[in-house]
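Below you'll find the structure, written out as C-alpha cells, and then a few comments.
Here the structure is a predicted model, which is why all the values come from computation and not from measurement.
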Amino acid sequence: TRDSIVDGLPIRVPVLDIHTVGAGGGSIAWRDTGGALRVGPRSAGSSPGPACYPGGGSSFTVTDANLVLGRLPGTSLLAGRMPLCLPSAKTAADVAGAEHGVTGVELAAATLSIANAAMVRAIKVISVERGHDPREFSLLSFGGAGGLHACELADELGIRTVVVPRMPGLLSAFGMLSAPQLRTASMTVLRVLSADALLHVDAKLAQMETSLLGELPNAELTRSLACRYRGQSFELDIAWASDPDTIVAAFTALHVKAYGYAMDREIEVVNARAVATLRSAVSIAAERMEAGAVSVQDVVGVGPVDVVPRANLEPDGAVMGPMIITELSSTTWVPPGWSVRNQHGHLVLERQ
C-alpha cells in the first residue's frame with residue numbers, strides 16, 4: 001500500500017499492507033494511570049521473556065495467562081524441549097492481580113479478553129473497514145500462539161471456520177523465502193478520466209515497464225490506476241484497462257462496496273502504477289511430525305481436556321473439542337462447541 005497508519009501517525013511511503021497490534025505472547029499486562037488493565041504494546045520480548053520462560057522476567061504476559069488458565073501445556077513448546085514454569089507464571093499473576101484487587105486466575109482471564117479484543121479490532125480494520133464481511137471468510141491462524149486465540153476471535157467476529165496450516169509457527173519464515181520479488185514504478189497523472197488521458201498514461205507505463213524488466217527479467221507485469229471522484233482526497237486502486245467505460249464501471253462498483261454509494265461526478269486518475277512480479281522457485285519440506293501419547297490437563301472454566309499431538313489426528317475425521325493440540329512450532333486450543341479435522345495436513349476447525 002502507498003500509505004498506512006502506525007500508532008495513529010500517517011506513513012506516506014509504500015509498505016507491505018500489514019496491520020499490527022501489540023497483543024502477542026510476550027505482551028505485558030500492566031496498569032495505566034487511570035488504574036485500568038492494559039495489555040501491550042509493552043513486551044517482555046524473548047529476553048528475558050514471559051515469567052514462565054526459563055530465566056524469564058517478572059512481568060505477567062499473555063503467554064503466562066494461557067499457561068495459568070491451562071490452555072498451554074507446560075511441556076508443549078518445541079516438542080517438550082522448552083519446558084515452562086507454571087509456578088513462576090502463577091506468582092506473576094498473583095502479584096499483578098493484587099494491584100487490581102483480583103486473583104491471579106481472574107487477572108489471567110481478563111488479560112486474554114483484552115488481548116483478544118485488540119486482535120478483533122485489528123481484524124475489523126482489514127475487513128469491515130474495507131467493505132468485507134468477516135462472516136463470509138475463514139480465519140487463517142498461524143504463529144506459535146495464534147491457535148490459542150483463533151476460535152475465540154472467530155466467535156467474536158461470527159466466523160465459523162478457522163484454518164491452522166502446516167508448520168504454523170514457521171509460516172512467516174516460509175513466506176519470506178517463497179514470496180515473489182516485486183519491483184514497482186509509479187507516476188502522477190492528475191487528469192480527468194478520458195480516452196486521451198489513457199493513451200498518455202499507456203505510453204508512460206510502457207516506458208516504466210521496460211525499465212522494470214531491466215531490473216527483473218522475465219517478470220510478470222501488471223498495471224493499476226489510483227482513481228477518485230473529483231474533489232475527493234482519497235483514491236481507490238483499479239486494474240488497468242484501455243477503455244474508460246471499463247474503468248468507470250470498476251471504480252463505481254468498488255466505491256459502492258467500500259463506501260456504500262456512488263456519485264454522478266467526473267472520475268480523476270491520480271496515479272498510475274506498474275508492477276513487475278517474479279515468482280519464487282523455493283520449496284521447503286514439511287515439518288516432520290510424530291504421533292505421541294495423549295495426556296489430560298485441567299483448563300480453567302472447562303475441566304479436564306485431552307492434550308493431543310497433531311500427528312495423532314487422522315485425515316478427514318472430525319473430532320469434537322474441547323482439546324489442546326500440540327506440535328513443534330505451535331499450540332492450538334479447540335474450545336467446547338468447536339470441532340477439528342485434519343484436511344490435507346491442515347487443521348480445519350469449525351463452529352458447531
| task | Report the C-alpha separation of T111 and L37 in whole Å, then their side-chain angles, then the decisive distance to 0.1 Å, and conclude whether the side chain to side chain contact (heavy atoms under 4.5 Å, CB included) test is met. | result | CA-CA 8 Å; T111 297; L37 177 65; 4.3 Å; yes
| said: Nearest 0.5 angstrom please: S47 OG to Y53 OH, how far? | reply: 11.5 Å
| request: Taking the side chain as every heavy atom from C-beta outward, state whether P335 and P322 have any pair of such atoms under 4.5 Å apart. | output: no
| task | Please report the C-alpha distance between V340 and V348 in whole Å, then the side-chain angles of each, then the deciding distance to 0.1 Å, and finally whether the side chain to side chain contact (heavy atoms under 4.5 Å, CB included) criterion is met. | result | CA-CA 6 Å; V340 59; V348 179; over 6 Å; no
| Under a 4.5 Å side-chain heavy-atom rule over Ile, Leu, Val, Met, Phe, Trp and Tyr, are L254 and V270 clustered together? | no
| query | Do NZ/NE/NH1/NH2 and the carboxylate oxygens of D155 and R160 come within less than 4.0 Å? | reply | no
| query | Which value, rounded to the nearest 0.5 Å, describes the distance between T222 atom OG1 and W240 atom CH2? | reply | 13.0 Å
| query | Got a donor-acceptor contact below 3.5 angstrom from the E129 side chain to the I126 backbone? | reply | no
| query | So among V308, T332, V334, V299, which one has a side chain to side chain contact (heavy atoms under 4.5 Å, CB included) with I324? | reply | V299
| query | Are E327 and P168 close enough that some pair of their side-chain heavy atoms sits under 4.5 Å apart? | reply | yes
| field | side chain to side chain contact (heavy atoms under 4.5 Å, CB included) assessment of V275 paired with R183 | value | CA-CA 6 Å; V275 178; R183 294 290 186 277; over 6 Å; no
| query | P165 versus L140: any side-chain heavy-atom pair under 4.5 Å? | reply | yes
| For the student: nearest non-hydrogen atoms of P134 and L157, plus distance | CG-O, 4.1 Å
| message | Is a donor from one side chain sitting under 3.5 angstrom from an acceptor on the other, for Q352 and S339? | response | yes
| field | Within-4.5 Å side-chain heavy-atom neighbours: V296 and V307 | value | no
| message | Checking Q232 against H255: is there a side-chain donor and acceptor pair closer than 3.5 Å? | response | yes
| said: Between R191 and E266, does any side-chain N to carboxylate O distance fall below 4.0 Å? | reply: no
| field | Flag, side chain of W333 to backbone of M323, donor-acceptor distance under 3.5 Å | value | no
| task | In plain terms, say whether R223 and E209 are close enough for a salt bridge, that is, a side-chain N and a carboxylate O under 4.0 Å apart. | result | yes
| said: If you count every heavy atom of other residues, nucleotides or ligands that lies below 6.0 Å from D32 atom CG, does the total exceed 12? | reply: yes
| Would you find a donor on one side and an acceptor on the other, under 3.5 Å apart, between the side chain of T210 and the backbone of A206? | yes
| For the hydrophobic clusters of this structure (ILVMFWY residues joined by side-chain heavy atoms under 4.5 Å, transitively), does one cluster hold both L107 and L112? | yes
| request: Kindly give the heavy-atom pair with the smallest separation between L216 and A276, and that separation in Å. | output: CD2-O, 3.8 Å
| task | Count the heavy atoms of every other residue, nucleotide or ligand shown that sit under 6.0 Å from CZ of R31, and state whether that count exceeds 12. | result | yes
| request: Indicate yes or no: at least one non-hydrogen side-chain atom of Y229 is less than 4.5 angstrom from one of I267. | output: yes
| request: Determine whether more than 12 heavy atoms belonging to other residues, nucleotides or ligands lie under 6.0 Å from atom CG of L199. | output: yes
| Note: R273-D237 ion pair, threshold 4.0 Å (strictly below) | yes
| Ion pair check, R228 and E235, cut-off under 4.0 Å | yes
| request: Kindly give the heavy-atom pair with the smallest separation between L328 and R81, and that separation in Å. | output: CD1-NH2, 3.5 Å
| said: Could you measure the distance from the CD atom of E106 to the OG1 atom of T103? Nearest 0.5 Å is fine. | reply: 3.5 Å
| said: Under 4.5 Å between side-chain heavy atoms, counting indirect links through other Ile/Leu/Val/Met/Phe/Trp/Tyr residues: same cluster for L212 and V189 or not? | reply: no
| Is there a path of hydrophobic side-chain contacts, each under 4.5 Å between heavy atoms of I, L, V, M, F, W or Y residues, that connects L198 with L205? | yes
| Which distance, rounded to the nearest 0.5 Å, do you find between the CD1 of I159 and the OG of S127? | 7.0 Å
| query | Judged by atom type as modelled, is there a donor-acceptor pair below 3.5 Å linking the side chain of S46 to the main-chain atoms of G49? | reply | no
| said: Any non-hydrogen side-chain atom of W30 less than 4.5 Å from a side-chain atom of V39? | reply: no
| note | Interatomic distance, CG@L278 vs CG@L182, rounded to 0.5 Å, equals 9.5 Å
| query | After noting the C-alpha distance and the side-chain angles of W338 and M320, does the key distance pass the side chain to side chain contact (heavy atoms under 4.5 Å, CB included) rule? | reply | CA-CA 6 Å; W338 284 79; M320 285 297 302; over 6 Å; no
| Where the side chain of S141 meets the backbone of G146, is there a donor-acceptor pair that is under 3.5 Å apart? | yes
| said: What I want to check is whether the side chains of T61 and D64 have a donor and an acceptor closer together than 3.5 Å. | reply: yes
| Is V294 reachable from L347 through a run of hydrophobic residues whose side-chain heavy atoms are each under 4.5 Å from the next? | yes
| Judged by atom type as modelled, is there a donor-acceptor pair below 3.5 Å linking the side chain of N342 to the main-chain atoms of G317? | no
| request: Would you indicate whether the side-chain heavy atoms of V68 and V300 approach each other to under 4.5 Å? | output: no
| query | Which of these passes side chain to side chain contact (heavy atoms under 4.5 Å, CB included) with L349: V162, T161, V163? | reply | V162
| Evaluation steps, ring pair (Phe, Tyr, Trp, His ring centres under 6.0 Å), between F234 and Y259 | CA-CA 12 Å; F234 53 89; Y259 303 108; 5.0 Å; yes
| Which atom names give the shortest non-hydrogen contact between R279 and T277, and what distance separates them? | CZ-CG2, 3.7 Å
| query | Do Y261 and M263 come within less than 4.5 Å of each other through their side chains, counting heavy atoms only? | reply | yes
| note | R71 and T331 have their tightest heavy-atom pair at O-CG2, 4.2 Å
| query | Between S27 (side chain) and G24 (backbone), is there a donor-acceptor pair under 3.5 Å? | reply | yes
| Closest heavy-atom contact between V192 and A197? | O-CB, 3.6 Å
| R230 backbone acceptor or donor facing R265 side chain under 3.5 Å | yes
| Quick one: CD on Q207 to CE on M187, what's the gap to the nearest 0.5 Å? | 9.0 Å
